Amino acid sequence: MIKKIIKEKIYQTVNTLYSDLQINTSDIDIVESKKIEHGDYATNFCMKFSKTLNQKPIDLAELIVDEIKKNDDFFDNVDFIKPGFINFKVKASIFNDTLLNIYRTIDSYGSGDTKKGKILLEYVSANPTGFLHLGHLRNAAVGDSICRILRFYGHDVDSEYYINDFGNQIKLLGKSLGIRVRNLHGENIEMPEDAYLGDYLVDIAKKYSSEFSQDSLDSDKLENYAKDYLLQEIKNDLASINIKFDNWYSESKSIHNSGLLDEILDKLSDLNVLYDKDDAKWIKTSEYGDSNDWVLIKSDKSSTYFLSDIAYHYDKFNRGYDKVINVWGSDHHSHVSRLKASMNSLNNKEKNLYFVMIQFVRLLKDGKDISMSKRSGQYTTIKDLLSLVDNDVVRFMMVTRSSDTHFDFDLDQCLKDSDENPVFYIQYANARINSIIKKSGIKDLSTQNLDVIDSIKEVGLIKAVIDFEDVIKDSAENLAPHKLTFYLQNLAKEFHSYYKSTKILNNDKLMTRLILITTIKSVLSNGLSLLGVSSPEEM
RNA sequence: GCGCCACUAGCUCAGCUGGAUAGAGCAACGGACUUCUAAUCCGUAGGUCGGGGGUUCGAAUCCCUCGUGGCGCGCCA
């Protein structure tokens, strides 16, 4: 907003000084000054264009500053400093006007213009062979936050969960359930080592037995029963952390029973990227950017998971999505290059295929890793964690780290209600503001004849509010929701500090200050909602 | 052996599309409740940005190399 205006002013000035220079406003970087003595905003333009303009940065800076200062009513001061930075001190009244503009359109503030093209965002996609656990949780929180942020930024996004309901693991799931059911009926059969050993199958077996007779152990029936049951559990778990998918895409239905697999094979064959070796059918991914070739049809004539994956991603684009984003666990990173290579060979869409890789999460208690339960040999499930930690805390903490770094989820920290817990810290700021507004007794804030607020803290807060727009852009374009969490913590911090230093009720400039904190409150709660976190009015 | 990710304060991490004296939270230490919610605030201290080279006006950021750790390298999914 203000940055854009400054950018425009530099652009005009440089054009006046050098009429033959070819630059765009996008070449001009305006950053917020880190130090008070450097004003509000700064640019490195003179260093950047020193060579192009064949002039020393410092001389260039002097020229530009002199020119900008002519007929200026926007800045309190503009100056330059070695080696050639230009610093801008903006008038407090400009900040106040900007605040007012934001306040007037607060509900949509920070949201972007409608963007062209449709995006398909796939995340979680855990196999329906068990409950969701810690790793899925981070994927889910990051994926859903990205989804919300992209939509807020103006993108048309559909979210999708790929149900891996075909193949060996589902067969094994059905087989495991069958054994559990027979165990219940007194048959002494050992579970094979590769079977699904979790206790949940015993529970499912009990339910199954109560619905069907003892001899009803058809493998298809068992498979479907277990799969449907677990899928419902997965949906329930996701719902419990405010996550809902637009599409549930079934591998068996949409890929295997639809003829899609043969269609893809024909296409690849026509494109001459397949070959036969050792009774199997291979794809020449090594010629399209991957390090290896891979098998698509095994020697027993069954298809590989990779072929399904190619078909699935071909179908994603075929369904009309312009951009496809996958949120994947980093243990699948080797699939990225092969999938990109196959898309490259198939339809050249690999440049529209994006990946967010999620690194591992560990659950720490007393400094020890308790991710894996020793008793059951299973990873901590979402249900387990939610029974210990507040929903909001879980959602927030899971996106506070850049997704490509390992993350330790510290249980002790999350159980505390104090300053160690960033979620409460932000929510508390929101609740405090709400309390002030309520106590003021003013229902409709007037925007007429306002006082100008110009303390360092107040101008700083307005600047922080202005930053929200950039943070959304940054988070959306980099698919990085953690940037938003840091921003919100900082905004809350600046508010708490202001709260302590400046009494708002029974003081002057009341109306402007109420507008300021109301705006902050909206940014805080809108920001939290983009992370799937609530903002209670009272705490 | 190859590939991906990481390495920044005692701990957990931002910053990485090159900019000014490298930031935050926690922990440590010292302060602030007749005051709109102390789930808060103010202050002090804390650094060879894993090591070494290079690129340039300028490098935590880009390139090369080495080291450490995590994860992958199936006719499994």
Side-chain angles (χ1 to χ4, degrees), chain A residues 29 31 33-35 37-38 42-44 47-48 50-51 56-57 81-85 87 127 129 164 166-170 172 194 251 277-282 290-292 294-306 308-309 329-338 357-360 362 364 367 400-410 412-413 416-429 431-440 474 477-478 482-483 485-487 489-490 492-493 495-507 513 517 538-539:
Chain A
D29 299 321
V31 297
S33 300
K34 285 173 191 156
K35 303 202 177 300
E37 60 266 33
H38 293 152
T43 184
N44 62 354
M47 271 93 79
K48 213 173 160 183
S50 166
K51 261 188 194 149
K56 280 186 187 166
I81 192 170
K82 44 99 191 159
F85 289 101
N87 295 323
N127 297 338
T129 53
N164 213 263
F166 182 91
N168 291 339
Q169 53 185 352
I170 291 294
L172 190 58
D194 59 349
E251 179 187 1
K277 193 179 97 181
D278 303 334
D279 278 339
K281 202 173 276 299
W282 296 67
D290 194 21
S291 52
N292 291 87
W294 300 95
V295 169
L296 296 185
I297 301 291
K298 299 180 243 178
S299 54
D300 68 359
K301 302 305 165 205
S302 66
S303 62
T304 60
Y305 171 82
F306 183 38
S308 293
D309 229 12
S330 67
D331 53 336
H332 285 74
H333 78 257
S334 62
H335 296 218
V336 172
S337 53
R338 75 176 79 156
M357 305 309 289
I358 308 284
Q359 290 284 350
F360 274 42
R362 292 191 307 166
L364 294 188
T400 49
R401 299 294 167 345
S402 164
S403 61
D404 55 12
T405 66
H406 298 262
F407 173 44
D408 288 335
F409 189 100
D410 190 334
D412 306 311
Q413 184 184 340
K416 289 183 186 167
D417 286 351
S418 67
D419 45 357
E420 288 180 54
N421 192 319
V423 189
F424 288 146
Y425 186 81
I426 299 167
Q427 290 177 327
Y428 186 47
R432 272 183 151 176
I433 294 172
N434 185 56
S435 174
I436 298 174
I437 294 167
K438 223 166 134 190
K439 284 209 168 144
S440 77
D474 202 18
E477 290 180 351
N478 291 294
H482 76 277
K483 288 169 186 282
T485 70
F486 279 88
Y487 168 80
Q489 288 181 75
N490 181 62
K493 180 189 172 171
F495 169 75
H496 283 306
S497 172
Y498 175 60
Y499 177 91
K500 206 69 184 177
S501 73
T502 311
K503 179 105 169 132
I504 291 167
L505 297 179
N506 307 315
N507 203 345
R513 285 173 171 159
I517 62 170
E538 285 174 20
M539 289 180 75

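These numbers were taken from a predicted model, which means no experiment stands behind them.
- With both pairing distances under 3.5 Å, B:G43 is matched to B:C29 as a Watson-Crick or G-U wobble pair.
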Exercise for the section: Mind running side chain to side chain contact (heavy atoms under 4.5 Å, CB included) on A:H335 and A:Y305 for me, showing each step along the way? Expected result: CA-CA 11 Å; A:H335 296 218; A:Y305 171 82; 4.1 Å; yes

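- Taking atom CG on A:D309 and atom C1' on B:C76, their separation rounds to 13 Å, with Å as the unit.
- For the pair A:S302 and A:E37, both in contact range of RNA chain B, the more 5′-proximal nearest nucleotide belongs to A:E37.
- Listed nucleotides: B:A6, B:U17, B:U12. Nearest to the side chain of A:D404: B:A6.
- Within the 4.0 angstrom heavy-atom criterion, base atoms lie near A:K503.
- Note on A:Y425: every side-chain N or O is 4.0 Å or more away from OP1 and OP2 of B:A24.
- The separation between A:H406 atom NE2 and B:G72 atom P is 10 Å, rounded to whole Å.
- A:Q427 places its CD atom 12 Å from the P atom of B:U40, with the value rounded to the nearest Å.
- We find that CG of A:D29 is positioned 9 Å from P of B:G19, with the value rounded to whole Å.
- Picking from B:C36, B:G23, B:G72 the nucleotide with the shortest atom distance to the side chain of A:S435 gives B:C36.
- Atom P of B:U68 sits at a distance of 43 Å from the matching atom of B:G43, rounded to the whole Å.
- Between A:L364 atom CG and B:C26 atom P there is a gap of 19 Å when expressed in whole angstrom units.
- Both A:R401 and A:F306 lie close to RNA chain B; mapped to their nearest nucleotides by heavy-atom distance, the more 5′-ward contact belongs to A:R401.
- Between the A:S501 side chain and the A:Y498 main chain, a donor and an acceptor come within less than 3.5 Å of each other.
- The residue A:H496 sits close only to the backbone: its heavy atoms come under 4.0 Å of sugar-phosphate atoms, none of a base.
- With hydrogens and angles left out, the side chain of A:S299 and the base of B:C75 share a donor-acceptor pair within 3.5 Å.
- Look at CD1 on A:I436: it is 5 Å from C1' on B:C36, rounded to the nearest Å.
- A donor-acceptor pair under 3.5 Å links the side-chain atoms of A:T43 to the main chain of A:D29, judged by distance alone.
- Residue A:A42 is classed as a base contact, given a heavy-atom separation below 4.0 Å to a base.
- Panel note: side chain A:H496, backbone A:K493; no donor-acceptor pair is recorded below 3.5 Å.
- Among B:A77, B:C4, B:G70, the nucleotide with an atom closest to any side-chain atom of A:H333 is B:C4.
- Between B:C2 and A:S291, no contact under 4.0 Å exists linking OP1 or OP2 to a side-chain N or O.
- One P atom belongs to B:C33, the other to B:U21, and the distance between them is 39 Å to the nearest Å.
- Residue contacts shown for A:I81 include a base, since a base heavy atom lies under 4.0 Å away.
- Of all nucleotides listed (B:C36, B:G19, B:C75), B:G19 comes nearest to the side chain of A:M47.
- Looking only at distances, a side-chain donor or acceptor of A:T304 sits under 3.5 Å from a matching main-chain atom of A:V295.
- Residue A:K483 places no side-chain N or O under 4.0 Å from the OP1 or OP2 atom of B:A14.
- An OP1 or OP2 oxygen of B:A77 is reached within less than 4.0 angstrom by a side-chain nitrogen or oxygen of A:K298.
- For B:C33, the O4'-C1' to base torsion is within 90° of 0; the nucleotide is therefore syn.
- At the heavy-atom level, A:N164 lies under 4.0 Å from the strands shown only through sugar-phosphate atoms.
- Nucleic acid contact class of A:K301 (heavy atoms, under 4.0 Å, all strands): none.
- Both stacking criteria are satisfied for A:F85 over the base of B:A20: a centre-to-centre distance under 5.5 angstrom and an angle between ring planes under 30 degrees.
- Counting any heavy atom pair closer than 4.0 Å across all strands shown, A:N434 reaches no nucleic acid atom.
- For A:K493, a side-chain nitrogen or oxygen approaches OP1 or OP2 of B:G25 to under 4.0 Å.
- A:D278 comes within 4.0 angstrom of a nucleotide base, judged by non-hydrogen atoms across all strands.
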Problem - Test log, rule side chain to side chain contact (heavy atoms under 4.5 Å, CB included), inputs A:F409 and A:L364 - result: CA-CA 6 Å; A:F409 189 100; A:L364 294 188; over 6 Å; no

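- Regarding contacts with the backbone of B:A38, a side-chain N or O of A:Y499 is found under 4.0 angstrom from either OP1 or OP2.
- For A:T405 and B:A14, the shortest distance from a side-chain N or O to OP1 or OP2 is below 4.0 Å.
- Using a 4.0 Å heavy-atom criterion, one finds that A:S402 contacts the sugar-phosphate atoms exclusively.
- A gap of 28 Å separates the C1' atoms of B:C11 and B:G52, to the nearest Å.
- Figure legend: A:R432 and A:F495 shown without cation-pi pairing, the cationic atom not lying both under 6.0 angstrom from the six-membered ring centre and within 45 degrees of its axis.
- A distance-only check finds no donor-acceptor pair linking the side chain of A:W294 to the backbone of A:R338 [under 3.5 Å].
- Nucleotide B:C71: paired with B:G3 (Watson-Crick or G-U wobble, both distances less than 3.5 Å).
- The residue A:E538 sits close to a base: some heavy atom pair falls under 4.0 Å.
- With C1' as the reference atom, B:G10 and B:G70 are 23 Å apart, rounded to whole Å.
- Side-chain nitrogen and oxygen atoms of A:K34 include none within less than 4.0 Å of the OP1 or OP2 phosphate oxygen of B:G15.
- Using N1 to N3 plus N6-O4 or O6-N4 for Watson-Crick, or N1-O2 and O6-N3 for G-U wobble, each under 3.5 Å, B:A24 pairs with B:U12.
- When both pairing distances are held under 3.5 Å, B:U34 makes no Watson-Crick or G-U pair with any nucleotide shown.
- For A:H482 and B:A14, the ring-to-base geometry does not satisfy the stacking test (centroid distance below 5.5 Å, interplanar angle below 30°).
- In this structure, A:I426 places its CD1 atom 13 Å from P of B:G25, rounding to the nearest Å.
- Of the possible polar contacts, one joining the A:N421 side chain to the A:V423 backbone as a donor-acceptor pair under 3.5 Å is found.
- Of the candidate nucleotides B:G23, B:C36, B:C13, B:G23 has the atom nearest to the side chain of A:K35.
- Note: CZ (A:F486) to C1' (B:U12) measures 9 Å, nearest angstrom.
- Regarding contacts with the backbone of B:C36, every side-chain N or O of A:R513 stays at 4.0 angstrom or more from both OP1 and OP2.
- For A:N490 against B:A14, a side-chain-to-base donor-acceptor contact under 3.5 Å is absent.
- Of all heavy-atom pairs between A:S330 and A:M357, the closest is CA-CE, 3.9 Å.
- Dashed line: the shortest gap from a side-chain N or O of A:H332 to OP1 or OP2 of B:C71 is not under 4.0 Å.
- Listed nucleotides: B:A20, B:C75, B:U17. Nearest to the side chain of A:W282: B:C75.
- The side chain of A:Q359 sits closest to B:G70 out of B:C13, B:C75, B:G70.
- Contacts of A:D194 with the nucleic acid, taken as non-hydrogen atoms under 4.0 Å apart, are absent.
- Contacts of A:T502 with the nucleic acid, taken as non-hydrogen atoms under 4.0 Å apart, include base atoms.
- When distances run from any side-chain atom of A:S497 to the nucleotides B:C57, B:A77, B:C41, the shortest one goes to B:C41.
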